[in-house]
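A quick write-up on the structure given underneath.
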Amino acid sequence: DTEVTQTPKHLVMGMTNKKSLKCEQHMGHRAMYWYKQKAKKPPELMFVYSYEKLSINESVPSRFSPECPNSSLLNLHLHALQPEDSALYLCASSQKNPGTLVEQFFGPGTRLTVL
Amino acid sequence: AQSVTQPDIHITVSEGASLELRCNYSYGATPYLFWYVQSPGQGLQLLLKYFSGDTLVQGIKGFEAEFKRSQSSFNLRKPSVHWSDAAEYFCAVAPLYNQGGKLIFGQGTELSVKP
């Protein structure tokens with residue numbers, strides 16, 4: 001299995017809702033990532049998990065809360081979002097060898113609309 | 001600061017014509033280099049990567065890229081473009097000694113293919 005899956009594909013939520021995005025990989029990768037991508041822009045890194053521990057938080061607002069329950073799963077909990085948070089949310093994973101980096105594999109994304 | 005420049009925001013080529021997408025990076029040492037492709041509403045797919053060795057790298061879908069250290073460039077090429085190649089293309093770099101898994105993306109080049 002060489003893919004990263006994300007659910008749901010599309011999500012519409014109000015500003016007072018609480019929702020979660022889910023990402024899963026079964027490639028044995030030990031690094032997982034959340035990106036936010038606005039239209040016609042490159043992905044922006046939000047969080048990096050390494051060996052199930054949060055290693056990078058790119059100063060993301062607390063209304064986004066990541067969670068890595070195990071080595072295959074990555075969640076992004078959403079609460080009290082703003083309309084400007086509407087975007088494509090991408091998950092990625094990669095092998096994790098200390099001191100080196102290999103390519104990241106991306107999921108298809110969740111298209112989030114905040115009303 | 002590390003940066004990636006894709007000088008062409010939008011390129012249009014005729015089907016069957018050759019293609020070259022430009023990418024220049026700014027970094028103190030040779031980083032890891034990647035090209036990703038993104039179809040509308042989809043995730044990113046890795047086309048090819050350069051870590052070391054032969055400076056001409058072959059990728060999927062008939063793409064290749066050439067690393068030129070003297071020009072700090074990693075241009076993507078394809079000898080004959082197909083209509084299905086229409087997409088957004090991102091060049092990305094990662095530090096040689098992993099800074100937590102960060103990828104630095106260029107702004108992207110949108111490729112249109114005319115019949």
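The chains referred to below are lettered A, B, ... by the order of the sequence lines, with proteins before strands, and numbering in each begins at 1.
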Does [X] belong to the same Ile/Leu/Val/Met/Phe/Trp/Tyr cluster as [Y], with side-chain heavy atoms less than 4.5 Å apart forming each link?
{"X": "A/Leu76", "Y": "A/Met32", "result": "yes"}
{"X": "A/Leu45", "Y": "A/Phe106", "result": "yes"}
{"X": "A/Phe47", "Y": "B/Leu44", "result": "no"}
{"X": "A/Phe64", "Y": "A/Ile56", "result": "no"}
{"X": "B/Ile104", "Y": "A/Met46", "result": "no"}

Legend entry - Pair A/Lys40 + B/Glu110, salt bridge at N-O below 4.0 Å: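 Judged by the 4.0 Å cut-off on N to carboxylate O distance, A/Lys40 and B/Glu110 do form a salt bridge.
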Legend entry - Interface moiety of A/Glu58 toward chain B, non-hydrogen atoms closer than 4.5 Å: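 Contact with chain B: side chain only.
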Inset, instruction - Check each atom of A/Gln6 against the heavy atoms of chain B and say whether the ones under 4.5 Å are side chain, backbone, both or neither. - result: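 Interface part for A/Gln6: neither.
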Legend entry - NZ (A/Lys38) with more than 12 external heavy atoms under 6.0 Å: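 Atom NZ in A/Lys38 is crowded, with more than 12 foreign heavy atoms closer than 6.0 Å.
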Legend entry - B/Ile9, CD1: over 12 other non-hydrogen atoms inside 6.0 angstrom: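 Incorrect, the count does not exceed 12.
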Please report the interatomic distance [atom1]([X]) to [atom2]([Y]), rounded to the nearest 0.5 Å.
{"X": "B/Gln42", "Y": "A/Leu88", "atom1": "CD", "atom2": "CG", "result": "9.0 Å"}
{"X": "A/Gln37", "Y": "B/Phe105", "atom1": "CD", "atom2": "CZ", "result": "8.5 Å"}
{"X": "B/Leu48", "Y": "A/Glu103", "atom1": "CG", "atom2": "CD", "result": "11.0 Å"}

Legend entry - Side chains of A/Tyr33 and B/Leu103 in contact at under 4.5 Å (non-hydrogen atoms):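 Sidechains of B/Leu103 and A/Tyr33: no contact.
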Legend entry - Heavy-atom closest pair, residues A/Pro42 and B/Gln107: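 In terms of heavy atoms, the two residues are closest at CD-OE1, 3.6 Å.
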Inset, instruction - Identify the heavy atoms of A/Gln104 and B/Tyr36 that sit nearest to each other, and give their distance. - result: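 What the structure gives for the nearest pair is O-OH, 2.8 Å.
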Legend entry - Under 4.5 Å from any heavy atom of chain A - which part of B/Gln45: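 Contact with chain A involves no heavy atom of B/Gln45 at all.
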Legend entry - Residue B/Leu46 versus chain A: region with a heavy atom under 4.5 Å: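 Just the side chain, heavy atoms under 4.5 Å.
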Legend entry - Max heavy-atom pair count under 4.5 Å with chain A, selected residue of B/Gly108, B/Gly43, B/Gly106: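 Top count of heavy-atom pairs under 4.5 Å with chain A: B/Gly43.
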